[in-house]
Amino acid sequence: MHGMISGPPEAATKPIATSRAVLLLLVVMTGIAPISLYMLVPALPVLATNFGSDISIAQMTVSLYMVGIALSQLIMGPLSDRLGRRPVLLGGLALMVAASIGCILAQNLPQLIAARFFQALGGAAGMVVSRAIIRDIYERDRVASMISLVVAALMIGQMVSPLTGGLIETAFGWRAIFYAITIGAIIVAVGIGVALPETRRTRAVGSSFRRDVGMLITNRAFVGYVMCQVLASQIIFTFAGGGPYIVVTQMGRSSAEYGAWFATTGFAYLVGNLLCVRFAPRHSLERLIWLGLGLQLCGSLLNLLWSVTGWNEAPSWLFGTQMIVMVGNAFVMANSAAGAISIRPEAAGTASGAMGFLQQGIGALMSQFGAYLGGHSATTLPLTSAVLAISLLCACTMIFVVPRREVVVSEELIEQAEEEETGMM
């Protein structure tokens with residue numbers, strides 16, 4: 001059994017896990033796709049003007065980019081389990097570089113939109129494979145803290161990327177944004193080629209994508225953790241979809257003020273991830289999930305109460321309470337993701353890809369749903385009710401779907417099950 005499904009030798013994985021270069025690579029490979037998304041956002045009005053098109057058409061450089069991210073995670077995760085982490089990462093970045101050059105050479109918006117789709121398809125490989133690499137080189141109880149650390153560093157990059165994109169566009173034009181993305185992708189690819197060894201676990205004889213998927217979707221713990229993680233992420237998408245309409249239309253504030261208030265929720269999410277890094281080594285991931293669920297429920301319940309009383313018709317009440325939700329959200333997302341990719345470690349890429357695809361795909365729908373609630377209401381009540389309902393559903397997955405701690409799949413139980421499975425074969 002150990003020769004068939006064990007990970008890299010302990011002597012090899014320990015230096016990898018403690019390498020600052022590898023940790024930095026995990027951050028940048030996770031962030032290159034979302035940062036590239038946000039860098040272009042400030043230039044959308046300029047794109048519409050330069051190409052003589054409506055802003056809604058220019059917006060497709062963002063919306064189809066998100067579709068590319070979702071599809072990439074569904075494709076790249078299983079490929080990384082079959083072919084290895086390094087080949088998939090390097091292939092994805094090569095596609096991103098080629099697509100970025102296509103963006104630079106684009107002569108009309110349809111060409112730019114198509115190139116952006118392939119840019120996302122390649123760049124998002126880092127998002128899914130980085131989670132699989134974390135599972136490859138860290139023990140189950142450390143996975144959540146490392147995911148949180150990577151996300152915390154990523155959040156800082158995402159916060160400054162719109163400003164960076166705006167400054168580049170103002171100084172050098174919108175095409176310069178894609179020059180910067182191209183150079184960044186090449187640097188990341190070189191870093192992976194030089195500093196990142198292959199971390200994929202040796203697969204069992206007879207393993208296949210179909211078999212991995214079958215074993216994962218029939219595992220209650222995996223399904224429960226994925227549902228919990230995906231539902232928690234929908235709180236972000238729903239609130240982000242309805243927030244602009246509530247602040248700008250209902251409250252009569254400027255879009256710049258909305259941006260400032262929304263940044264507070266990103267800051268709260270960052271704080272939650274940093275706290276998770278601190279607490280994870282001393283507490284089980286199930287306990288940290290419940291801590292996060294408690295904060296989510298308390299914050300969303302308070303926001304609903306403020307809606308009923310009319311207090312959160314001011315942004316300070318709405319976003320101040322939402323910050324509580326976001327701190328809890330960070331705990332839930334990081335730890336439930338760690339639980340999901342730990343169920344079957346040699347299929348961590350497939351598990352990560354399925355989770356990311358559901359998160360992004362459902363997120364696109366929930367963002368539209370949130371926009372509908374915010375744009376067709378005179379109060380914040382519909383949006384805060386939706387956030388509370390999602391928080392309750394998230395908690396229900398831990399209560400009714402995820403098995404109790406004593407039967408949650410551990411490292412020892414995983415190995416025991418695989419030994420039995422090998423004996424049967």
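The figures here come from the full heavy-atom set of this structure, side chains too, leaving out hydrogens, waters and symmetry mates. This one's a predicted model, so the numbers in the text were calculated from it and none came from an experiment.
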Check for a donor-acceptor pair, side chain of [X] on one end and backbone N or O of [Y] on the other, with a separation under 3.5 Å.
X: Tyr65; Y: Gln119; value: no
X: Asn335; Y: Phe331; value: yes
X: Thr218; Y: Met215; value: yes
X: Arg116; Y: Val62; value: no
X: Gln360; Y: Met66; value: no
X: Ser80; Y: Arg85; value: no
X: Asn303; Y: Thr321; value: no

* Take Leu196 and Leu89 through the side chain to side chain contact (heavy atoms under 4.5 Å, CB included) test and state the conclusion after the steps. => CA-CA 10 Å; Leu196 183 69; Leu89 282 170; 3.7 Å; yes
* Asked: For Trp317, which residues count as a ring-ring contact (aromatic ring centres under 6.0 Å, His included) partner, sequence neighbours excluded?
  ->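 Trp306, Trp311.
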* **Trace of the side chain to side chain contact (heavy atoms under 4.5 Å, CB included) decision for Ser385 with Leu304** => CA-CA 6 Å; Ser385 298; Leu304 181 68; 3.2 Å; yes
* Asked: What do you reckon, is CZ of Phe118 surrounded by more than 12 foreign heavy atoms closer than 6.0 Å?
  ->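 No.
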Is any side-chain heavy atom of [X] closer than 4.5 Å to a side-chain heavy atom of [Y]?
X: Met366; Y: Ile236; value: no
X: Met146; Y: Val150; value: no
X: Leu297; Y: Leu392; value: yes
X: Val271; Y: Phe267; value: yes

* To do: Kindly determine whether Cys228 and Ile289 satisfy side chain to side chain contact (heavy atoms under 4.5 Å, CB included), including the steps that lead there.
  => CA-CA 9 Å; Cys228 191; Ile289 290 174; 4.2 Å; yes
The criterion is side-chain contact (heavy atoms from CB on, under 4.5 Å); which residues satisfy it with [X], sequence neighbours excluded?
X: Ala340; value: Phe222, Tyr225, Val226, Met355
X: Ser130; value: Leu26, Met29, Thr30
X: Ile186; value: Val97, Thr182, Val190
X: Pro315; value: Met251, Arg253, Glu257, Trp261, Phe319

* Derivation and outcome, side chain to side chain contact (heavy atoms under 4.5 Å, CB included), residues Ile134 and Ile341 -> CA-CA 10 Å; Ile134 288 173; Ile341 63 176; 5.6 Å; no
Nearest 0.5 Å, what's the [atom1]-[atom2] distance between [X] and [Y]?
X: Phe237; Y: Gln359; atom1: CZ; atom2: CD; answer: 5.5 Å
X: Leu95; Y: Met76; atom1: CG; atom2: CE; answer: 6.5 Å
X: Thr61; Y: Leu40; atom1: OG1; atom2: CG; answer: 5.0 Å
X: Arg86; Y: Ile192; atom1: CZ; atom2: CD1; answer: 8.5 Å
X: Thr379; Y: Gln250; atom1: OG1; atom2: CD; answer: 6.5 Å
X: Ile181; Y: Ser36; atom1: CD1; atom2: OG; answer: 4.0 Å

* Scan Met398, Glu286, Gln229 and name whichever one has a side-chain contact (heavy atoms from CB on, under 4.5 Å) with Ser336. =>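 In the set Met398, Glu286, Gln229, the residue that makes a side-chain contact (heavy atoms from CB on, under 4.5 Å) with Ser336 is Gln229.
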* Can you name the side-chain hydrogen bond (donor to acceptor under 3.5 Å, both in side chains) partners of Gln296, sequence neighbours left out? ->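 Here the qualifying residues are Asn329.
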